Amino acid sequence: MSKKLDDIFTNIVHSRIFKNRELLRPDYIPDELPHREKQIMTIAKVLAPLLQDQRPSNMFLYGLTGTGKTAVAKYVLEKIKTRKEASGRILTAYVNCRYEDTDYRVLASLNEAIGIHVPFTGLATAEVYKRFLNGLDRRRASMVVVLDEIDGLVKKCGDELLYKLTRINTELKNSKLCVIGITNDLKFTEFLSARVLSSLGEEEVVFPPYTAPELEDILSRRVEKAFRNGVLDEGVIPLCAALAAKEHGDARRALELLRIAGEIAERNSQDKVTIENVKQAYKEIEKDRVIEVITSLPLHSKILLLSIYMLQVEMGKKEVTTGEIYDTYKTFCEKIKIDPLTQRRIGDLINELDTLGIINVKLVSRGRYGRTKIIKISVNEKSLKEGLLNDEKISNLLK
DNA sequence: AATCCACAGGAAGTGCTGGGCG
DNA sequence: CGCCCAGCACTTCCTGTGGATT
């Protein structure tokens, strides 16, 4: 065993950059949430009746990504659960509707939260609801349910479940339920029917984007515990804050920049994190994201993306439309002998690529020449190609 | 003013998977 | 075992539409 390998491990275990890098991870919830005191107080006030066995109002939390909604919600849940007065009679559940994105799965998670196991498929949704209702009532407790990224659920399944949950108190004899919905879609209310809106929107809490100085403050506090003393060059924190502030004040983004910059410095065996490292981190994050997203795409989406790439980059067309793309897509499918999907389906896949942020879709009407989508690649072309080439079938097509 | 292109995107249905329940 | 349920990926069929051209 060489001395050198020893050193590598020493480097990782005893980082000269980090003291505790866990504190920079996106799911870490700090003991204090600076610049969110107002929101925390508002939520606490609304939830307070729980401690006297009364049902609080339901709530809506609005704000863009990385503005602390999730952290604040989890923080408050934790605080109220561990209150002395609560003495175990307050149950909480946190459900991320991005992952639990059907009525069935949300109800299943709620069941899990109160200790009832339900199969992940097989039952009728109404049955899962009934089990939850009875189970909760039997526990004689108050429950706070946080539904994060609730817009995803509603857009997919409608607001039937929300309606049921907000009305559930009329069916509960011994328990109470309070719903907190979180969304980063500010126009989300358009998707809700009036009956849900009136009960869920009883209270609204808005999370404005963090300003650059606020981000700096948040970073500085975290840095003290996460990094060794004095390893950050002057200007590193302000730059991370500024870059993140440009992207709608996303604190998660700022922390990620800082962490990756630190990791780059560490890889290079530097003993300081420089401004240059932050800039590298910025590029690296974007590149990794693109490659990861593309690699995990299903085959047809990759062929589709390849078609867009061919038309726009290799053939230099500045405006690519659905029809053109579909034609090239079909010839690619022919080459590797697989059945092409219909244009209808491809239209949906194009929209999916748009929401993933890989391409940019604009609906235009060109008068006599019909209505179509104008599609543009919105990420670094090299990264995109690299992601595509990870797939053997795709790289064969390019040869 | 009417036409008509090149699609958009809604609705409904199919076939399949993976699991109930009695 | 047979039947039921939810969810997904996809197809078929369809109606809708903004605005340059007739």
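Below, read A as the first sequence line, B as the second, and so on, with proteins coming before strands; counting in each chain starts at 1. Small disclaimer: the values here were computed from a predicted structure and weren't measured.
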So what does [X] hit on the nucleic acid, given a heavy-atom distance under 4.0 Å: a base, only sugar-phosphate, or nothing?
X	answer
A:Glu127	nothing
A:Gly347	nothing
A:Asn351	sugar-phosphate

Just the rounded figure in Å: distance from [atom2] of [N] to [atom1] of [X].
X	N	atom1	atom2	result
A:Arg105	C:dA6	CZ	P	13 Å
A:Leu349	B:dC7	CG	C1'	16 Å
A:Arg131	B:dG20	CZ	P	10 Å
A:Tyr104	C:dC8	OH	P	13 Å
A:Lys156	C:dA9	NZ	C1'	12 Å
A:Asp103	C:dC5	CG	P	16 Å
A:Arg371	B:dT3	CZ	C1'	16 Å
A:Leu299	C:dC10	CG	P	10 Å

[N] OP1/OP2 closer than 4.0 Å to side-chain N/O of [X]:
X	N	value
A:Thr121	B:dG20	no
A:Arg345	C:dC10	yes
A:Tyr369	C:dG19	no
A:Thr342	C:dT11	yes
A:Thr125	C:dA6	yes
A:Lys373	B:dA8	yes
A:Arg344	C:dT15	no
A:Thr322	B:dA6	no
A:Lys362	B:dA8	no

Ignoring the backbone of [X], work out which of [options] is nearest its side chain.
X	options	value
A:Arg368	B:dG20, C:dG19, C:dA20	C:dA20
A:Leu341	B:dA8, C:dC10, C:dA20	C:dC10
A:Phe120	B:dG18, C:dT11, C:dC8	B:dG18

Worksheet item: If each of A:Thr321 and A:Leu123 is mapped to the nucleotide of DNA chain B with the nearest heavy atom, which maps nearer the 5' terminus, i.e. the 5' end?
Response: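 Closer to the 5' end of DNA chain B: A:Thr321.
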
Fill in: Sub-4.5 Å side-chain heavy-atom contact between A:Tyr326 and A:Ile350
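Side chain of A:Tyr326 against side chain of A:Ile350, heavy atoms only: no contact under 4.5 Å found.
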
Worksheet item: Among A:Ile182, A:Leu165, A:Ile180, A:Val154, which residue meets the side chain to side chain contact (heavy atoms under 4.5 Å, CB included) test with A:Leu147?
Response: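 Single pass found, and it is A:Leu165.
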
Item to complete: Inspect the contact between A:Glu263 and A:Arg259 and indicate whether a charged nitrogen and a carboxylate oxygen are less than 4.0 angstrom apart.
Response: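 Yes, this pair counts.
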
Fill in: Test of ring centre spacing under 6.0 Å for A:Tyr62 and A:Phe207
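Aromatic pair excluded; centres sit 6.0 Å or further apart.
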
Worksheet item: Taking the side chain from A:Glu202 and the backbone from A:Asn58, do they hold a donor-acceptor pair closer than 3.5 Å?
Response: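 Here the side-chain-to-backbone pair exists.
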
Item to complete: Spell out, yes or no, whether A:Leu123 and A:Phe120 are grouped together once hydrophobic residues are joined by side-chain heavy atoms under 4.5 Å, including indirect joins.
Response: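 No, it is not one cluster - the side chains of A:Leu123 and A:Phe120 are not joined through contacts under 4.5 Å.
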
